[in-house]
Asks: 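Before we start, here is the structure in question, set down as structure tokens.
If you're wondering where the values come from, they're calculated on a predicted model, not measured in any experiment.
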Amino acid sequence: MIKSKFSWGNLYLIFIFVLLYVPILYLIYYSFNQAGTMNEFTGFTTEHYEALAGDTRLIRIALDTFRVALLSSLLATIIGTLGAIGIFFVRQRRTQSTILGLNNVLLVSPDVIIGASFLLLFTMAGFRLGFYSVLFSHIAFSIPIVVLMVLPKLQEMNTNMITAAKDLGANNWQVLKSVIIPSIKPGILAGYFMAFTYSIDDFAVTFFVTGNGFATLSVEIYSRARQGISLEINALSTILFIVALGLVSGYYFVQQQQRNRKRKLTDVDPTNHQKAVTP
């Protein structure tokens, strides 16, 4: 019975991954189609990538998109990490639960509502829509994601280390820099990559708060797709997919290196608890 359930579970996972990745592979395959359509593959060509390289407007939009993603994810990671630390050290359980609830509401709220809210806010404040309106919006919806990534690492942290550091005379800044941040570094990195990914592919919020003269790739691809299918978009999507795959692979590589380093330190540390109790 256990083997049967295990095999059915594997079959379900394979089906889900096929369902998710086949459309992406289909898009990548036709980005090399000589015919210029997605109806029939007539021959291999790289002309769509060459056309993409010569499209200065799309390249500028791609650079603006990455600029927004890098800045918003960096600032959201800093704010979200400090916010998660603040939530963790709230002593009253009811207050902590209330703050976490407010944070989670932003995660489950529809992007359309968030985008419309930001649009009303910027309009009422007389703020010009453009790069900074998109940047501030991306920072705002990325902060709850970072908080959600960092909090579990704070809960796993050994709080006795903080007490020991304070007993040795460390001030709050030294405790934060030398004890807390190193302990939650994997959560911070995870929050940054998640915020970066959400910022890169966000459409709904960006669509509301972008202005004339500024656009992101998601908005530009949507506007071009309405005019007709262009395999230049396939080429761009292929490059973005490869970049995202590289970032995810790099993140897991760094995580694996950290695990291996910790395992080696544990193996050579004579004060290791397991070794201490071994006869």
Asks: Answer yes if the side chains of His48 and Ser31 hold a donor-acceptor pair under 3.5 Å, and no otherwise.
Replies: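 Judged by distance alone, the side chains do not pair up.
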
Asks: Working to the nearest 0.5 Å, report the span between OH of Tyr26 and CG of Asn234.
Replies: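 Nearest 0.5 Å value for the OH-CG distance: 9.0 Å.
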
Asks: Quick check: closest heavy atoms across Val175 and Ala165, and the distance to 0.1 Å?
Replies: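 Residues Val175 and Ala165, closest heavy atoms: CG2-CB, 4.1 Å.
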
Asks: I'd like to check Thr210 versus Leu129 (side-chain heavy atoms, cut-off strictly below 4.5 Å). Are they in contact?
Replies: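 When only atoms from C-beta onward are counted, Leu129 and Thr210 do not touch, as no gap falls below 4.5 Å.
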
Asks: Can we call the ring centroids of Tyr198 and Phe141 under 6.0 Å apart?
Replies: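 Tyr198 vs Phe141: aromatic centres not under 6.0 Å.
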
Asks: Applying side-chain contact (heavy atoms from CB on, under 4.5 Å), run through Tyr192 and Leu70 and close with a yes or a no.
Replies: CA-CA 9 Å; Tyr192 177 82; Leu70 289 170; 3.4 Å; yes

Asks: Grouping I, L, V, M, F, W and Y whenever their side-chain heavy atoms are under 4.5 Å apart, do Leu52 and Ile24 come out in a common cluster?
Replies: yes

Asks: CD1/Ile221 to CD1/Ile233 distance, rounded to the nearest 0.5 angstrom?
Replies: 5.0 Å

Asks: Among Val147, Asn104, Ile87, exactly one meets side chain to side chain contact (heavy atoms under 4.5 Å, CB included) together with Ile99. Which residue is that?
Replies: Ile87

Asks: Please say whether more than 12 non-hydrogen atoms of neighbouring residues, nucleotides or ligands are located less than 6.0 Å from CZ in Phe207.
Replies: no

Asks: According to a 4.5 Å side-chain heavy-atom criterion applied to Ile, Leu, Val, Met, Phe, Trp and Tyr, with indirect links allowed, do Val18 and Leu25 form part of one hydrophobic cluster?
Replies: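 Shared cluster, no.
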
Asks: Where does the angle between the aromatic ring planes of Tyr132 and Phe136 fall among parallel (under 30°), tilted (30 to 60°) and perpendicular (over 60°)?
Replies: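 It falls in the tilted class, 30° to 60°.
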
Asks: Hey, what do you get for CE (Met161) to OG (Ser183), rounding to the nearest 0.5 Å?
Replies: 4.5 Å

Asks: If every non-hydrogen atom of Thr45 is compared with every non-hydrogen atom of Gln34, which pair is closest and at what distance?
Replies: CG2-CA, 3.4 Å

Asks: How many angstroms lie between atom CD1 of Ile143 and atom CG of Leu75, to the nearest 0.5 angstrom?
Replies: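 The CD1 atom of Ile143 sits 9.0 Å away from the CG atom of Leu75.
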
Asks: Between Val243 and Leu240, is there a shared hydrophobic cluster once you connect ILVMFWY residues whose side-chain heavy atoms come closer than 4.5 Å?
Replies: yes

Asks: Is there a side-chain contact (heavy atoms from CB on, under 4.5 Å) between Ile184 and Ile180 once you walk through the steps?
Replies: CA-CA 6 Å; Ile184 63 174; Ile180 298 177; 4.0 Å; yes

Asks: Is it the case that atom CZ in Phe17 sees more than 12 heavy atoms from other parts of the structure closer than 6.0 Å?
Replies: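 Atom CZ in Phe17 is not packed in, count stays at 12 or less.
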
Asks: Could you walk me through whether Leu148 and Met194 satisfy the side-chain contact (heavy atoms from CB on, under 4.5 Å) test, starting with their C-alpha distance in whole Å, then the side-chain angles of each, then the deciding distance to 0.1 Å, before giving a yes or no?
Replies: CA-CA 10 Å; Leu148 198 66; Met194 286 294 293; over 6 Å; no

Asks: Would you compute the distance between atom OG1 of Thr65 and atom CD of Glu220 and round it to the nearest 0.5 angstrom?
Replies: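 Atom-to-atom, Thr65:OG1 and Glu220:CD are 9.0 Å apart.
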
Asks: Are Phe214 and Thr216 packed together at the side-chain level, in the sense that at least one heavy-atom pair is separated by less than 4.5 angstrom?
Replies: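 Heavy-atom side-chain distance check passes, below 4.5 Å.
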
Asks: Can you confirm whether Ile16 sits close enough to Tyr12 that some side-chain heavy atom of one is under 4.5 Å from a side-chain heavy atom of the other?
Replies: yes

Asks: Any heavy-atom pair between the side chains of Leu120 and Ser117 that's under 4.5 Å?
Replies: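 Of all side-chain heavy-atom pairs linking Leu120 with Ser117, none is under 4.5 Å.
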
Asks: Minimum heavy-atom separation for Val146 and Ala195, please, with both atom names.
Replies: CG2-CB, 4.3 Å

Asks: Show every donor-acceptor pair shorter than 3.5 Å between a side-chain atom in residues 77-84 and any protein atom, with sequence neighbours excluded, or say none if there are none.
Replies:
| unit_1 | atom_1 | unit_2 | atom_2 | d |
| --- | --- | --- | --- | --- |
| Thr77 | OG1 | Ser73 | O | 2.5 |
| Thr81 | OG1 | Thr77 | O | 2.6 |

Asks: Between Val150 and Leu154, is any pair of side-chain heavy atoms under 4.5 Å apart?
Replies: yes

Asks: Kindly determine whether Ser218 and Asp201 satisfy side-chain contact (heavy atoms from CB on, under 4.5 Å), including the steps that lead there.
Replies: CA-CA 6 Å; Ser218 58; Asp201 66 5; over 6 Å; no

Asks: Minimum heavy-atom separation for Ile61 and Ala215, please, with both atom names.
Replies: CG2-O, 3.5 Å

Asks: Hey, any chance Val219 and Leu71 share a hydrophobic cluster, counting ILVMFWY side chains that come within less than 4.5 Å of each other, even indirectly?
Replies: no

Asks: Within the structure provided, determine whether Tyr49 and Thr238 are in side-chain contact (heavy-atom separation under 4.5 Å).
Replies: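 The answer is yes, as the side chains (C-beta and beyond) meet within the 4.5 Å cut-off.
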
Asks: Would you say CZ of Phe41 has more than 12 non-hydrogen atoms from neighbouring residues, nucleotides or ligands within 6.0 angstrom?
Replies: yes

Asks: Ignoring hydrogens, what is the shortest heavy-atom contact between Phe88 and Gln96? Give both atom names and the distance.
Replies: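 Shortest heavy-atom contact: O-NE2, 3.4 Å.
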
Asks: Is it possible for you to check whether Arg67 lies under 6.0 Å from the centre of the six-membered ring of Phe131, through NZ or CZ, and within 45° of that ring's axis?
Replies: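 Yes, a cation-pi geometry holds between Arg67 and Phe131.
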
Asks: Do Pro186 and Lys153 come within less than 4.5 Å of each other through their side chains, counting heavy atoms only?
Replies: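 Yes, their side chains come closer than 4.5 Å.
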
Asks: Would a 4.5 Å heavy-atom cut-off, applied to side chains only, mark Phe89 and Ile162 as touching?
Replies: yes

Asks: Look up atom OG in Ser142 and atom CD1 in Ile145, then write down how far apart they are to the nearest 0.5 Å.
Replies: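 Ser142 OG to Ile145 CD1: 5.0 Å, rounded to 0.5 Å.
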
Asks: Between Leu151 and Ile181, is there a shared hydrophobic cluster once you connect ILVMFWY residues whose side-chain heavy atoms come closer than 4.5 Å?
Replies: yes

Asks: Which heavy atom of Val205 sits nearest a heavy atom of Asp111, and at what distance?
Replies: CG2-O, 3.6 Å

Asks: Does the ring centre of Tyr222 sit less than 6.0 Å away from the ring centre of Phe203?
Replies: yes

